[in-house]
Novice: 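Below is one structure. I have some questions about it.
Ligands are counted one by one from 1 in listed order, and the atoms in each one are counted from 1 as well.
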Amino acid sequence: MATIIDGKALAAKIRRQAKEEAAALRAQGVETGLAVVLVGDDPASQTYVRAKHRDCEECGITSFDYTLPADTSQDELLALIARLNADTAVAGILVQMPLPAHLDAERVIAAIDPAKDVDGFHPMNLGKLVRGLPGLRPCTPAGIMRMLEEYGIDPRGKRAVMVGRSSIVGKPMSLMLLAADATITIAHSSTAELEEACREADILVVATGRARMVRGSWVKPGAVVIDVGMDRDENGKLCGDVAFDEVAPVASAITPVPGGVGPMTRAMLMENVVFAARSQAR
Ligand code: NAP
């Protein structure tokens, strides 16, 4: 039976460290504020935003809540971002995605000062990731790398398969595994013989949004399986992209859903805020 990678416990440790670092920065007169911008009243987004404010409170990070009506114009949103870019009390800016359809998310992300882009989605920060330069990294893949490190799983020389190629998970995850010297396959909805590709993996990371898609027979015995998915099954129960009950007996280590990648993503945001504050103070 696989080791269950406890993202919840590790996330709590990261929040404790972020709290200590935020306090140390404050003692030097450096602000660690996070501005969270939410446009509209999508219930899932509201839940995520509330969680971010709670995490900030726990870490002693001041959070600023900007909840805007669903009909906010592109210009109004860009004007707010310009104000936040200039505000020295704000070390990090997060615009909750998805934005309402009339807003251009790419333009909004590009308008954020890259030094305050705590989601790590700005083209400048993604470019730094490609070039192997230090910078703000997207929280989900950064959290996964931290879990691997904590559990003594070194990607070097291993075959890693990333199922999913989104800009927030699949692509940055692949680059981080590559930077850690893994040999990478990136699979997606047009990949032929996906099951065979997955069976090659020593480290299998799945981010498709397809409930329990990866079955036990898709996994090489002893593989490490990281499940990014946050899906609902046919009974409305939260589950991942991996059929946990089938895969856990085959894998050597696996992340549960909930309690795996999700809490780590949240915790890495706090770490990014501290990183952003420290870099701007230099
Ligand atoms: P996304 O933007 O929808 O991307 C999904 C990716 O999966 C795409 O690249 C897509 O391929 C691929 N895919 C879809 N169906 C597939 C199939 N049947 N076979 C192979 N590949 C397939 O999703 P995302 O934002 O990366 O999120 C993925 C999942 O992770 C979702 O469940 C999301 O809720 C969850 N998530 C969790 C966290 C967390 O903190 N736990 C963070 C972010 C996301 P194409 O590119 O060819 O369409």
Side-chain angles (χ1 to χ4, degrees), residues 4-8 10-12 14-15 42-52 54-55 94-99 101 105-106 109 118-121 126 129 137-148 160-177 184-201 204-215 217-219 225-234 236-244 254-272:
I4 310 297
I5 298 178
D6 189 345
K8 201 170 160 200
L10 180 54
I14 291 167
R15 284 198 302 275
D42 175 60
S45 293
Q46 286 173 333
T47 306
Y48 294 141
V49 163
R50 270 198 302 275
K52 284 163 190 168
R54 264 203 316 275
D55 290 343
L94 183 144
V95 179
Q96 184 65 43
M97 298 292 163
L99 288 171
E106 292 303 331
I109 291 168
V118 286
D119 255 341
F121 296 163
L126 290 176
L129 172 59
R137 302 287 195 244
C139 298
T140 301
I144 293 170
M145 292 308 288
R146 187 63 67 78
M147 287 197 287
L148 296 178
V161 176
M162 176 71 236
V163 189
R165 56 175 164 179
S166 69
S167 297
I168 63 168
V169 186
K171 283 181 196 160
M173 182 79 253
S174 308
L175 289 164
M176 288 184 204
L177 287 165
I184 316 290
T185 299
I186 306 172
H188 44 79
S189 64
S190 299
T191 298
E193 291 161 357
L194 180 64
E195 299 183 30
E196 282 74 10
C198 290
R199 266 195 296 274
E200 297 262 294
L204 178 61
V205 185
V206 190
T208 61
R210 303 278 179 263
R212 300 196 181 110
M213 185 185 89
V214 171
R215 311 294 304 265
S217 61
W218 296 28
V219 174
V225 180
I226 307 291
D227 188 352
V228 183
M230 283 204 304
D231 314 313
R232 297 274 162 194
D233 69 9
E234 55 287 354
K237 191 173 166 248
L238 180 65
C239 69
D241 293 348
V242 172
F244 183 91
I254 186 168
T255 57
V257 178
V261 175
M264 287 299 292
T265 297
R266 282 172 54 183
M268 295 313 283
L269 175 65
M270 298 297 104
E271 195 173 284
N272 273 357

Novice: Would D227 and T255 count as having a side-chain donor-acceptor pair, cut-off 3.5 Å?
Specialist: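 D227 vs T255: no donor-acceptor pair found between side chains.
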Novice: Which atoms form the tightest heavy-atom contact between C198 and L204, and what is the distance?
Specialist: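 Shortest heavy-atom separation between C198 and L204 comes out as SG-CD1, 3.9 Å.
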Novice: Nearest to atom 12 (C) of ligand 1, what protein heavy atom do you find, and at what distance?
Specialist: G164 CA, 4.0 Å
Novice: Quick check on contacts: which atoms of ligand 1 are under 4.0 angstrom from a heavy atom of G209?
Specialist: 28 (C), 29 (C), 31 (C), 32 (O)
Novice: Counting only nitrogen or oxygen atoms and a 3.5 angstrom limit, does M230 reach ligand 1?
Specialist: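 N/O-N/O distance under 3.5 Å: yes.
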Novice: Identify the two heavy atoms, one from L99 and one from A105, that lie closest to each other, and give their separation to 0.1 Å.
Specialist: CD1-CA, 3.9 Å
Novice: Closer than 3.5 angstrom, by distance alone: can the side chain of D55 be matched with the main-chain N or O of A267 as a donor-acceptor pair?
Specialist: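 Not at all, since once roles are kept as given, no pair shorter than 3.5 Å links the two residues.
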Novice: For atom 19 (N) of ligand 1, find the nearest protein heavy atom and state the residue, atom name and distance (0.1 Å precision).
Specialist: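 Result for atom 19 (N) of ligand 1: L194 CD2, 3.6 Å.
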Novice: What are the atoms of ligand 1, with element, lying closer than 4.0 Å to any heavy atom of G262?
Specialist: 40 (O), 41 (N)
Novice: To the closest 0.5 Å, what do you measure between NZ (K171) and CE (M176)?
Specialist: 14.0 Å
Novice: Any idea which protein heavy atom is nearest atom 17 (C) of ligand 1, and the distance to it?
Specialist: M213 SD, 3.8 Å
Novice: What do we get for I168 next to ligand 1 when only non-hydrogen atoms under 4.0 Å count, side chain, backbone, both or neither?
Specialist: side chain
Novice: Taking C239's backbone N and O only, do any of them form a donor-acceptor pair with R232's side chain (distance below 3.5 Å, no angle check)?
Specialist: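 It does not hold such a pair.
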Novice: Indicate whether atom 27 (O) of ligand 1 is within a distance of less than 4.0 angstrom of some protein heavy atom.
Specialist: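 Under 4.0 Å from atom 27 (O) of ligand 1, zero protein heavy atoms found.
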Novice: Around atom 32 (O) of ligand 1, find the nearest protein heavy atom and jot down its residue, atom name and distance.
Specialist: D231 OD1, 3.0 Å
Novice: Students should be able to answer this: which protein heavy-atom is nearest to atom 43 (C) of ligand 1, and at what distance?
Specialist: V169 CG2, 3.7 Å
Novice: How far is atom 45 (P) of ligand 1 from the closest protein heavy atom, and which atom is that?
Specialist: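 Answer for atom 45 (P) of ligand 1: S189 OG, 3.4 Å.
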Novice: In plain terms, say whether R15 and E271 are close enough for a salt bridge, that is, a side-chain N and a carboxylate O under 4.0 Å apart.
Specialist: no
Novice: Of the listed options (M97, K171, R210, M162), which comes nearest to atom 15 (N) of ligand 1 when hydrogens are ignored and any heavy atom counts?
Specialist: R210
Novice: Could you tell me whether ligand 1 has any atom less than 4.0 Å away from a heavy atom of G229?
Specialist: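 Yes; G229 lies near enough to ligand 1 that a heavy-atom distance drops under 4.0 Å.
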Novice: Which atom names give the shortest non-hydrogen contact between F244 and P256, and what distance separates them?
Specialist: CE1-CA, 3.9 Å
Novice: Would the distance check show the side chain of T191 and the main-chain N or O of L194 forming a donor-acceptor pair, the cut-off being under 3.5 Å?
Specialist: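 Not a single qualifying donor-acceptor pair exists.
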Novice: Look only at the side chain of D6 and the backbone of K8, and say whether a donor-acceptor pair between them is shorter than 3.5 Å.
Specialist: yes
Novice: Counting heavy atoms only, which part of T208 comes closer than 4.0 Å to ligand 1: side chain, backbone, both or neither?
Specialist: both
Novice: Is any side-chain heavy atom of R266 closer than 4.5 Å to one of K52?
Specialist: no
Novice: Within the protein, is there a heavy atom lying under 4.0 Å from atom 3 (O) of ligand 1?
Specialist: no
Novice: Counting non-hydrogen protein atoms only, what is the nearest one to atom 42 (C) of ligand 1? Give residue, atom name and distance.
Specialist: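 Sorting protein heavy atoms by distance from atom 42 (C) of ligand 1 puts T140 OG1, 3.3 Å first.
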Novice: Testing D241, D233, D231 for side-chain hydrogen bond (donor to acceptor under 3.5 Å, both in side chains) with R212, which one passes?
Specialist: D233
Novice: Backbone or side chain, does any N or O of R165 fall under 3.5 Å from an N or O of ligand 1?
Specialist: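 Checking ligand 1 against R165, an N or O pair does fall under 3.5 Å apart.
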Novice: Contact between A207 and ligand 1, counting heavy atoms under 4.0 Å?
Specialist: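 Yes, A207 has heavy atoms under 4.0 Å from ligand 1.
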Novice: Side chain, backbone, both or neither: which part of R266 has a heavy atom under 4.0 Å from ligand 1?
Specialist: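 The answer is neither.
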Novice: Considering only heavy atoms, which of V228, V257, T265 lies nearest to atom 35 (C) of ligand 1?
Specialist: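 When every heavy atom of V228, V257, T265 is considered, V228 comes closest to atom 35 (C) of ligand 1.
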Novice: Rounded to the nearest 0.5 Å, how far does CG of L94 lie from SG of C139?
Specialist: 7.5 Å
Novice: Nearest to atom 23 (O) of ligand 1, what protein heavy atom do you find, and at what distance?
Specialist: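 Answer for atom 23 (O) of ligand 1: S166 CB, 4.4 Å.
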